[in-house]
Structure formats: C-alpha cells, structure tokens
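Since the structure comes first, as structure tokens, the remarks are kept for the end.
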Amino acid sequence: MVTGLADKRMNRRPLGIRSGIDVSEVGVGLWAVSASEWGPADDEDSLEAIEAALELGVNFFDTADVYGDGHSEELLGQAMETRRESFVMATKIGWIDFDRQADRSQYDSVDKLVAGVKQSLRRLSADHIDVIQCHIDHPEPNSSIFIEGFRKLKEAGTVKAWGV
C-alpha cells in the first residue's frame, strides 16, 4: 500500500474528442503482468501494483486478449471486482497469438469479432469495455470487419469507445 500519496490526485484529460471518457494522464499497461514474453510474474505483486496505481490516482488500465493468453485480462477483472467504477479499462483484440508470422487475424467475420470481445468480457468479469482497440499493426485486408464489429458493439452498449 502506498501511504501519504492518496490525497494527491492525478490530472485527468479527455480520451479523444468524442468518447466522453476522462482518463488519468498516466495509465498502466498490463502486458508484463501476464508472465509471458517478459518472464515470470507474480499475481499478488501485479494486483498490488494495480492497487498502488489506483491509490496514486491512475484510472486508465490497458490490456489485451493475447497477454498471457487472457491472464492479464483475468487479473484486471479480479482487481476491478468490487469497484468497477474506479477503472477506465481498455483492451485490445485482433491477433490469434503472438505468432505474427501469419500476418493475419483470426477475426475474419463480425460474428467472430463479437464472440472474441464477449470472451474478453468474461475474463474481465465485466458487463462492458470502456475502450476496445484493434490490436493489429500490419495492413489488414478486412479492417471493415473491425469497424463494423466495433460499431455494433458500441450500439449494443458492450463498448463505450473504440479505436486502433
């Protein structure tokens, strides 16, 4: 626990121009908590780090479905369990895994994309995602699937905002 700093609030700013979401100027990326490419990680240490960030006024946390094969999303869901309103949660979707040699996404239909986001929601133990992002950094021939899928999810209230 961080002591003596909880009364200091981190500055917030709008996320984009149309999202209506305010985020802390500093966010926490949760790639390394998944104990994958970065080597071993301890779940309790990761949860303590999330707690310390919250106490310092951080509200923006970023993860992805492929970080530790979903483990990062599960940890964030655990941290949010009784205080979802304290978090602005962003996650990404798009890769099958980190085998980027394939240079493609498994999400070749809107239905598959929506199903993938629902799996993220399950791991996050959440009823909505604040920001869903396309996690592809190569020319994707079917980017319209992501745009259509994200619009559909936003209309349904499953996601508040989306981006790349």
Side-chain angles (χ1 to χ4, degrees), residues 1-36 38 41-95 107 110-136 145-164:
M1 177 175 279
V2 178
T3 58
L5 296 175
D7 59 335
K8 295 186 179 192
R9 296 283 70 173
M10 185 161 301
N11 291 330
R12 303 273 166 98
R13 59 178 61 181
L15 180 67
I17 56 174
R18 292 179 284 197
S19 75
I21 300 171
D22 288 333
V23 296
S24 51
E25 288 183 334
V26 174
V28 174
L30 298 171
W31 184 4
V33 305
S34 61
S36 55
W38 299 102
D42 180 82
D43 288 354
E44 289 305 314
D45 288 345
S46 298
L47 291 169
E48 286 179 21
I50 292 170
E51 184 66 32
L54 282 169
E55 288 183 24
L56 292 170
V58 173
N59 75 338
F60 187 61
F61 296 83
D62 177 77
T63 186
D65 59 348
V66 294
Y67 295 172
D69 293 324
H71 187 64
S72 177
E73 287 182 332
E74 290 169 348
L75 280 176
L76 183 55
Q78 187 178 342
M80 293 188 303
E81 188 174 4
T82 60
R83 53 193 174 168
R84 173 65 174 91
E85 71 284 349
S86 298
F87 291 79
V88 174
M89 175 258 296
T91 192
K92 296 176 285 301
I93 191 168
W95 288 107
Y107 301 104
V110 170
D111 289 341
K112 285 183 182 178
L113 180 74
V114 169
V117 170
K118 287 182 179 178
Q119 288 297 312
S120 287
L121 283 167
R122 182 190 56 75
R123 286 188 295 270
L124 290 158
S125 299
D127 63 351
H128 73 278
I129 294 170
D130 296 307
V131 183
I132 187 75
Q133 301 161 86
C134 181
H135 199 195
I136 296 178
I145 289 169
F146 286 85
I147 293 169
E148 182 182 340
F150 288 170
R151 284 182 176 155
K152 182 177 181 177
L153 289 160
K154 184 172 181 183
E155 287 170 11
T158 307
V159 300
K160 289 185 176 180
W162 56 273
V164 295

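Small disclaimer: the values here were computed from a predicted structure and weren't measured. Sequence positions, counted from 1, serve as the residue numbers for this chain.
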If you take all heavy atoms of G57 and R12, which pair is closest and at what distance?
O-NH2, 3.0 Å
Return the set of residues passing side-chain hydrogen bond (donor to acceptor under 3.5 Å, both in side chains) with R18 (not counting sequence neighbours), or none when no residue passes.
none
Can you sort out the partners of Q133 under side chain to side chain contact (heavy atoms under 4.5 Å, CB included), two or more places apart, ordered by chain and number?
D62, A90, K92, V131
Strictly by salt bridge (charged side-chain N to carboxylate O under 4.0 Å, His left out), give each pair with a member in residues 71-87 just once, sequence neighbours left out.
E51-R83, E73-R123, R84-D130
What one should report as the nearest heavy-atom pair of L121 and D127 is CD2-C, 3.9 Å
Does the side chain of Y67 come within less than 4.5 Å of L75's, by heavy atoms?
no
Partner set under salt bridge (Lys or Arg N to Asp or Glu O under 4.0 Å) for K152, not counting sequence neighbours:
none
Shortest non-hydrogen contact from D65 to S120?
CB-OG, 3.9 Å
Residue pair L124 / M80: nearest heavy atoms and the distance that separates them:
O-CE, 3.7 Å
The side chain to side chain contact (heavy atoms under 4.5 Å, CB included) partners of K118 (sequence neighbours excluded) come to V114
Supply the atom-to-atom distance S86 OG to F61 CZ, rounded to the nearest 0.5 angstrom.
9.0 Å
With D43, which residues qualify under side-chain hydrogen bond (donor to acceptor under 3.5 Å, both in side chains), at least two apart?
H71
Answer whether the closest heavy-atom distance between the side chains of K112 and Y107 falls below 4.5 Å.
yes
Does the side chain of I50 reach to within under 4.5 Å of the side chain of L30, using non-hydrogen atoms?
yes
CG of L113 to CD1 of I132: how many Å apart, nearest 0.5 Å?
7.5 Å
With a 3.5 Å cut-off and sequence neighbours excluded, list the donor-acceptor pairs that the side chains of residues 157-164 form with protein atoms.
none

Are any non-hydrogen side-chain atoms of F150 and I93 less than 4.5 angstrom apart?
yes
How close do V33 and S72 get, counting heavy atoms only, and between which atoms?
CG2-OG, 3.8 Å
Exam field: side chain N59 to backbone D22, donor-acceptor pair closer than 3.5 Å
yes
Nearest-0.5 Å distance, CD of residue E25 to CZ of residue R13
4.0 Å
Quick one: list whatever passes salt bridge (Lys or Arg N to Asp or Glu O under 4.0 Å) with E148, sequence neighbours left out.
none
Residue set satisfying side chain to side chain contact (heavy atoms under 4.5 Å, CB included) with E44, at least two apart, ordered chain then number -> D42, L47
Taken to the nearest 0.5 Å, the spacing of L76 CG from S46 OG works out to 11.0 Å
K154: which residues meet the side-chain hydrogen bond (donor to acceptor under 3.5 Å, both in side chains) condition with it, sequence neighbours left out?
none
All ring-ring contact (aromatic ring centres under 6.0 Å, His included) counterparts of F60, not counting sequence neighbours:
none
